[in-house]
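For clarity, every value in this text was computed on a predicted model and none was experimentally measured. Residue numbers begin at 1 in each chain, while the letters A, B, ... track the order of the sequences. Both backbone and side-chain heavy atoms feed into the values below; hydrogens, waters and symmetry mates do not.
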Amino acid sequence: MPELPEVETVCNAIRKSIKTNKIKEFVIINPKLRWNIDANIKKLLSKVDIRKIYRRGKYIIFNFNHGSLIIHLGMTGIVKFLKNRHKVNKHDHYEIKFQDNTILRYNDVRKFGSIHWAENIEDNFLIKNLGVEPLSDNFNYEYIKKISKKRNVVIKNIIMDQRIVVGIGNIYASEALYMSKIKPNKNCKLLSTDNFKSLVKSIKKVLQKSIKAGGTSIKDFQSIDGSPGYFKQKLLIYGLEKCACGKNIKNIRISGRSSFYCSNCQK
DNA sequence: CGAACGACCTGCAGGC
DNA sequence: TGCCTGCAGGTCGTTC
């Protein structure tokens with residue numbers, strides 16, 4: 001479900017909704033997620049203060065004096081804020097209760113999401129191999145060009161590889177490649193320097209614009225108050241039938257994922 | 001080492 | 001109406 005703009009939206013909304021940094025307790029409702037929820041988290045999150053909440057790639061990180069909580073939304077993970085009285089819904093998995101009795105509740109239909117505790121976040125197996133942040137200066141054409149020259153995969157797989165650059169998923173990969181007029185199934189070795197420059201620019205642009213619109217809601221995605229993201233109306237290629245040029249948009253499968261492109265506009 | 005692919009899960013739409 | 005297939009914002013672990 002969520003790519004960088006959606007995770008950023010949720011992360012910002014959590015920060016805004018939290019009125020106290022004091023956690024009372026952590027409650028496991030259904031431990032079964034991508035990895036079973038570690039029961040120790042309950043002890044670790046009893047009466048502790050949050051120091052910082054931030055995003056790294058597609059992960060939401062709660063930082064404490066004694067470690068960090070690492071949350072991934074998978075495909076269908078949803079975070080909600082509740083008041084005292086609440087019934088457990090289908091697919092609820094855990095909740096964080098705050099001192100003022102507000103509750104952050106995690107719901108995940110497909111159970112691809114996860115939650116981990118890490119004493120040292122940089123050592124965590126999910127975090128330590130992550131690539132550069134796409135909106136940082138570390139993500140530039142020289143970086144992506146250098147990597148691409150020694151790899152033998154299609155360019156879409158390069159930009160979706162979280163060890164290279166984080167946060168880009170299936171939607172924004174198609175969008176960015178369309179914006180820079182590059183076919184998603186083009187071998188990454190064959191891109192020109194101008195291609196790389198354009199691609200980096202497009203990625204930054206589409207992510208920034210989507211963050212401003214509150215992310216993209218195709219089906220499941222919603223922010224914590226249940227509101228959708230409005231970037232869907234701005235998609236240029238993903239899930240569409242016709243390109244602006246009038247040609248039918250092609251939908252091919254690359255590594256098992258739907259990939260949209262226009263054979264007229266993208267070379 | 002890099003690349004390809006299956007596996008994990010539920011719900012929904014479409015075809016017969 | 002019901003059954004079956006395929007598809008969905010992800011990515012780790014295994015195999016070649």
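- Computed from coordinates, the A/Asn251 CG to C/dA8 C1' distance equals 12 Å when rounded to whole Å.
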Listed pairs, N/O of protein and of nucleotides 14-16 of chain C, under 3.5 Å:
none

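- Under a cut-off of 6.0 angstrom, the local environment of NZ in A/Lys146 is sparse, with at most 12 non-hydrogen atoms contributed by other residues, nucleotides or ligands.
- When distances run from any side-chain atom of A/Ser258 to the nucleotides C/dA8, B/dC8, C/dT11, the shortest one goes to C/dA8.
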Any N/O pairs under 3.5 Å between the protein and nucleotides 12-14 of chain B? List them or say none.
none

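- A/Trp35 has its CH2 atom 17 Å from the P atom of B/dA7, to the nearest Å.
- Listed by residue number, there are no residues of residues 200-215 of chain A with a heavy-atom contact under 4.0 Å to DNA chain C.
- Listed pair A/His72 / C/dT11 meets the phosphate criterion, a side-chain N or O lying under 4.0 Å from OP1 or OP2.
- When the P atom of C/dA8 is taken as reference, atom CD1 of A/Ile171 falls 11 Å away, rounded to whole Å.
- The shortest non-hydrogen separation linking A/Asn152 to A/Cys188 is N-SG, 4.5 Å.
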Task: Nucleotide-level pairing of DNA chain C, given in dot-bracket where Watson-Crick and G-U pairs need both distances under 3.5 Å and | marks other strands - done: .|||||||.|||||||
Detail all sub-3.5 Å separations between protein N/O atoms and N/O atoms belonging to nucleotides 3-5 of chain B.
unit_1: B/dA3; atom_1: OP1; unit_2: A/Asn152; atom_2: N; d: 2.4
unit_1: B/dA3; atom_1: OP2; unit_2: A/Arg151; atom_2: NE; d: 2.3
unit_1: B/dA3; atom_1: OP2; unit_2: A/Arg151; atom_2: NH2; d: 2.7

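- The interatomic distance linking A/Gln162 (CD) with C/dC12 (P) rounds to 8 Å, in whole Å.
- Contacts of A/Arg163 with the nucleic acid, taken as non-hydrogen atoms under 4.0 Å apart, are absent.
- For the salt bridge (Lys or Arg N to Asp or Glu O under 4.0 Å) test, no residue two or more places apart in sequence or in another chain qualifies with A/Glu175.
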List every contact pair, protein side and nucleotides 4-6 of chain C side both N or O, where the distance is under 3.5 Å.
none

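- Dashed line: the shortest gap from a side-chain N or O of A/Lys58 to OP1 or OP2 of C/dT11 is under 4.0 Å.
- Counting only residues at least two apart or on different chains, no ring pair (Phe, Tyr, Trp, His ring centres under 6.0 Å) pair has a member in residues 128-166 of chain A.
- At a threshold of 4.0 Å, the pair A/Asp123-A/Lys128 does not count as salt-bridged, since none of the basic side-chain nitrogens sits closer than that to a carboxylate oxygen.
- Between the P atoms of C/dC3 and B/dC9, the separation comes to 23 Å (whole Å).
- Across residues 110-136 of chain A, A/Arg110, A/Phe112, A/Leu126 each have a non-hydrogen atom less than 4.0 Å from an atom of DNA chain C (numbered order).
- Here A/Phe231 lies out of heavy-atom contact (under 4.0 Å) with every strand.
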For residues 252-267 of chain A, dump all side-chain donor-acceptor pairs below 3.5 Å to protein atoms at least two apart in sequence or in another chain.
unit_1: A/Arg253; atom_1: NH2; unit_2: A/Gly256; atom_2: O; d: 2.5
unit_1: A/Ser255; atom_1: OG; unit_2: A/Asn157; atom_2: ND2; d: 2.9
unit_1: A/Ser258; atom_1: OG; unit_2: A/Asn251; atom_2: OD1; d: 3.4
unit_1: A/Ser259; atom_1: OG; unit_2: A/Lys156; atom_2: NZ; d: 2.9
unit_1: A/Ser259; atom_1: OG; unit_2: A/Arg257; atom_2: O; d: 3.1
unit_1: A/Gln266; atom_1: OE1; unit_2: A/Cys262; atom_2: N; d: 2.8
unit_1: A/Gln266; atom_1: NE2; unit_2: A/Leu177; atom_2: O; d: 3.4
unit_1: A/Gln266; atom_1: NE2; unit_2: A/Ile182; atom_2: O; d: 2.8
unit_1: A/Lys267; atom_1: NZ; unit_2: A/Ser263; atom_2: O; d: 3.1

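- A/Ile155 approaches A/Ser148 most closely through the heavy-atom pair CD1-OG, 4.3 Å.
- Rounded to an integer number of Å, the gap from NE2 of A/His91 to P of C/dA8 is 20 Å.
- One interatomic measurement links the two molecules: NZ of A/Lys232 to P of C/dA8, which rounds to 14 Å at whole-angstrom precision.
- Distance alone, capped at 3.5 Å, is enough to place a donor-acceptor pair between the A/His93 side chain and the A/Asn30 backbone.
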TODO: Could you walk me through whether A/Phe26 and A/Trp117 pass the ring-ring contact (aromatic ring centres under 6.0 Å, His included) test, one step at a time?
DONE: CA-CA 12 Å; A/Phe26 179 81; A/Trp117 178 263; 9.7 Å; no
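- The existence of a salt bridge linking A/Arg151 and A/Asp161 is confirmed by a sub-4.0 Å separation between a basic side-chain nitrogen and an acidic carboxylate oxygen.
- Between A/Phe64 and A/His66, the ring planes are perpendicular. Angles over 60° get that label, and only those under 30° would be called parallel.
- When A/Leu45, A/Val48, A/Leu104, A/Ile70 are each tested for a side chain to side chain contact (heavy atoms under 4.5 Å, CB included) with A/Phe62, only one passes: A/Leu104.
- The distance between atom CG of A/Leu73 and atom C1' of C/dA8, rounded to the nearest whole Å, is 16 Å.
- Tested against A/Leu4, the residues A/Val165, A/Ile211, A/Ile168, A/Thr9 include a single side chain to side chain contact (heavy atoms under 4.5 Å, CB included) partner, A/Ile211.
- Cation-pi contact between A/Lys234 and A/Phe231: absent, since separation from the ring centre below 6.0 Å together with deviation from the ring axis within 45° is not met.
- Qualifying salt bridge (Lys or Arg N to Asp or Glu O under 4.0 Å) partners for A/Lys32, counting only residues two or more places apart in sequence or in other chains: none.
- No continuous path of ILVMFWY side-chain contacts below 4.5 Å connects A/Ile103 to A/Ile224, so the two sit in separate hydrophobic clusters.
- Remark: the A/Asp194 side chain and the A/Ser192 side chain contain no N/O donor-acceptor pair separated by less than 3.5 Å.
- In summary, the side chains of A/Lys145 and A/Thr193 do present a donor paired with an acceptor at a separation below 3.5 Å, with no hydrogens or angles considered.
- Put simply, CE on A/Met160 is 14 Å from C1' on C/dC12, counting in whole angstrom units.
- Scored by the ring-ring contact (aromatic ring centres under 6.0 Å, His included) test, A/His116 finds A/Trp35, A/Phe125 as partners (sequence neighbours excluded).
- Around NZ of A/Lys232, the count of heavy atoms belonging to other residues, nucleotides or ligands within 6.0 Å does not exceed 12.
- Remark: A/Lys42 engages A/Glu25 in a salt bridge, criterion side-chain N to carboxylate O under 4.0 Å.
- When side chains are defined from C-beta on, A/Asn195 does not count as touching A/Leu190, because their heavy atoms never get closer than 4.5 Å.
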